[in-house]
Visitor: 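Take a look at this one; I'll ask things after.
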Amino acid sequence: MQASQEVRRAVVPSLAKVNLDLRVLYKRSDGFHELRTIFQTLSLADKIAIEYAPVGKTKLSIAGNVDIPDNLILRAAEAVMRAAKAKGEVHFELDKKIPMGGGLGGGSSNAAAVLLALPVLLGKKIAAAKLHELAAGLGSDVPFFLYGGTALGLGRGTELYPLADSSPVRGLLAAPQVHVSTPDAYRALNRGPGGAAPAVFLNPAEWATQGVNDFEAPVYAQYPELQKLARRLKRVGAETVRMSGSGSSIFSLFSDAAAEAFAMQQLKEIHIHPVTFITRRQYQSLWWNCLKRHTLVKEWPPQSRYER
Ligand code: C5P
C-alpha cells in the first residue's frame, strides 16, 4: 500500500455493563431464553483505535493487549463492510480493560463500538434499524451498547426500552478470575417452555432493593467461591450485592463514599474496580466527542504498531 494513502483514524471507548435486574422467564422455541432485564453502562471501559484506508481489497486485522479467538470486533467489521458495500483495509488496536467472561458485556460492547464508529470512518450511513439488526446478529447484548445508559431489555435482550437515568450511582465491581460459560449457566437454570412461566414485571426505580439475578443461585452453586465473595461484600458493608449477567462479576453499592472506601481497604487482595453508572446522555456525548474528532493521518501503517 502506498505510504501517502489517506487513512482515517478514530479512538473510541467501549464501556462495560451490568444487569441491575435479570430474570430468565422460559426457554423459547428458537433455543434462546426470554428475558426481563435492566441494563446499565459503567465507567469501566476498553479503548479501541480504528484505522481505515480506502484501498482496493478488504483486509481486516487486529492487535492489542489480549488475543481473543474469533474476536467479535472482526465479525462486526465484516458486517459493516458488507452492509456499507465498502472496501479497504481496517486495522483495530484493542486496549482491553473489561475482565473477560465476567458478565460485563465486554465483547458485545466492542462489537457495538465497531458498528457505531466504522460507518463514520467509511463516510457511509447505515440506517439505525439496520445497525440494530446487525447488532442482534452478533449477540444478544450487542444492541444495548448502541444506546447505553439505563435500558429495559426484553425478548432475547435485544428489544430495548430506554429508562430514566438514576441519580449518580457509584459502587464497586469485583471481578474474580472465574470464567463462567453463559450457555452452561442457561442450561443450569433448566427453564421449561413459555406456557409454564408466570409474567414478571421489573421495577426499575427499585432495582437496588427489589432486583434479583436469576443466575446467582445456579452459578453460586457451581462456584461456591463466588457466593463467598458475595457474602464477604455484604459483611464489609455493601447494601446491595448483585452478580452481573451469568457472572462472575459482582457489583456492590454502599451507603456513602466512606463505607465504600472502608470496603476497598478490607478487600485489598481482590480485584476490585470502583465504577460509576454512565447515563445515556453521557454515553452519547462520549461517542459524539470521539467521532467528531476522528482524524486523517497520512502515514500507513502507523509506526506505533511495530513499536511494542
Ligand atoms: O446471543 P449470545 O451469543 O450472547 O448468546 C450466547 C448463548 O447464551 C446462546 O447461544 C444461548 O445459549 C444463551 N442465551 C440464551 N438466551 C438469551 C441470550 C443468550 O439462551 N436470551
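Residue numbers run from 1 in the order of the sequence given. Ligands are counted one by one from 1 in listed order, and the atoms in each one are counted from 1 as well.
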Visitor: Which residue holds the protein heavy atom closest to atom 3 (O) of ligand 1, what is that atom called, and what is the gap in Å?
Guide: Gly139 CA, 4.1 Å

Visitor: When the ring planes of His273 and His271 are compared, do they come out parallel, tilted or perpendicular, using 30° and 60° as the limits?
Guide: parallel

Visitor: Using the six-membered ring wherever Trp is involved, compare the ring planes of Phe277 and Trp207 and label them parallel, tilted or perpendicular (cut-offs 30° and 60°).
Guide: tilted

Visitor: To which protein heavy atom is atom 19 (C) of ligand 1 closest, and what is the distance rounded to 0.1 Å?
Guide: Tyr186 CE1, 3.5 Å

Visitor: Please output the side-chain donor-acceptor pairs of residues 172-183 that fall under 3.5 Å, not counting sequence neighbours, one pair per line with the distance.
Guide:
from   : atom 1 : to     : atom 2 : distance (Å)
Ser181 : OG     : Asp184 : N      : 3.2
Ser181 : OG     : Asp184 : OD2    : 3.4
Thr182 : OG1    : Ser246 : OG     : 3.0

Visitor: What I want to find out is whether Asp214 reaches Arg191 closely enough, with some N-O distance under 4.0 Å, to be called a salt bridge.
Guide: yes

Visitor: With heavy atoms of Thr182 as the reference, note each atom of ligand 1 found under 4.0 Å away.
Guide: 8 (O)

Visitor: Please state which protein non-hydrogen atom is closest to atom 7 (C) of ligand 1 and give its distance, to 0.1 Å?
Guide: Pro183 CG, 4.1 Å

Visitor: Are the side chain of Asp95 and the backbone N or O of Asn65 linked by a donor-acceptor pair below 3.5 Å?
Guide: no

Visitor: Examine ligand 1 and decide if any of its atoms is less than 4.0 Å from a heavy atom belonging to Leu35.
Guide: yes

Visitor: Report the nearest protein non-hydrogen atom to atom 4 (O) of ligand 1: residue, atom name, distance rounded to 0.1 Å.
Guide: Ser140 N, 3.6 Å

Visitor: For ligand 1, is there an N or O atom under 3.5 Å from any N or O atom of His33?
Guide: yes

